[in-house]
Amino acid sequence: MTSMDKNSASASSGGNRSPHHNLKNIPAQWSERVTPLERTLVPKFAARAYHLPGNSLCGDWMQYMLNNHPVIGICCHHRLHPLKTRQRSVILLGSFAFGV
């Protein structure tokens, strides 16, 4: 393979990008263990979606409450949700401070 062929091959495959460059909001150490279903969940969590694939009405309500409730969400959010525990704590503190 000539250098010209290598350059065109790398340009067509995205250059120096990793094979998981399309996984947004997923930490790098998790990118190898993420299933295709979880790849669809991250954007839905970020958009605060009401319905996730494969859930019933009750399952959708439970996941929504566990991920979006200000107190319950601190301990029970999904591991792929973009808001982590520290961020949720700051938001809750800010809510209390604003309310008082």
Would you mind listing the cluster partners of Leu92? Hydrophobic ones only (ILVMFWY), side-chain contacts under 4.5 Å, chaining allowed. Val71, Ile74, Phe96
Each residue besides Phe98 in its hydrophobic cluster should be listed here, by chain and number; the cluster joins Ile, Leu, Val, Met, Phe, Trp and Tyr at side-chain heavy-atom distances under 4.5 Å. none
Residues in ring pair (Phe, Tyr, Trp, His ring centres under 6.0 Å) with His78, at least two apart? Phe45
Distance in Å, [X] [atom1] paired with [Y] [atom2], rounded so as to fall on 0.5 Å steps:
X     : Y     : atom1 : atom2 : answer
Arg48 : Leu83 : CZ    : CG    : 8.5 Å
Arg86 : Ile91 : CZ    : CD1   : 13.5 Å
Ile72 : Arg88 : CD1   : CZ    : 11.0 Å
His77 : Gln63 : NE2   : CD    : 13.5 Å
Met62 : Ser56 : CE    : OG    : 10.5 Å

Identify, with sequence neighbours excluded, every residue that meets side chain to side chain donor-acceptor pair (under 3.5 Å) alongside Asp60.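 Counting only residues at least two positions away or on another chain, Asp60 forms a side chain to side chain donor-acceptor pair (under 3.5 Å) with His51, Asn55.
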Under the ring pair (Phe, Tyr, Trp, His ring centres under 6.0 Å) rule, what pairs show up with a residue in residues 54-75, not counting sequence neighbours?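 Applying ring pair (Phe, Tyr, Trp, His ring centres under 6.0 Å) to every pair that reaches into residues 54-75, excluding sequence neighbours, yields Tyr50-Tyr64.
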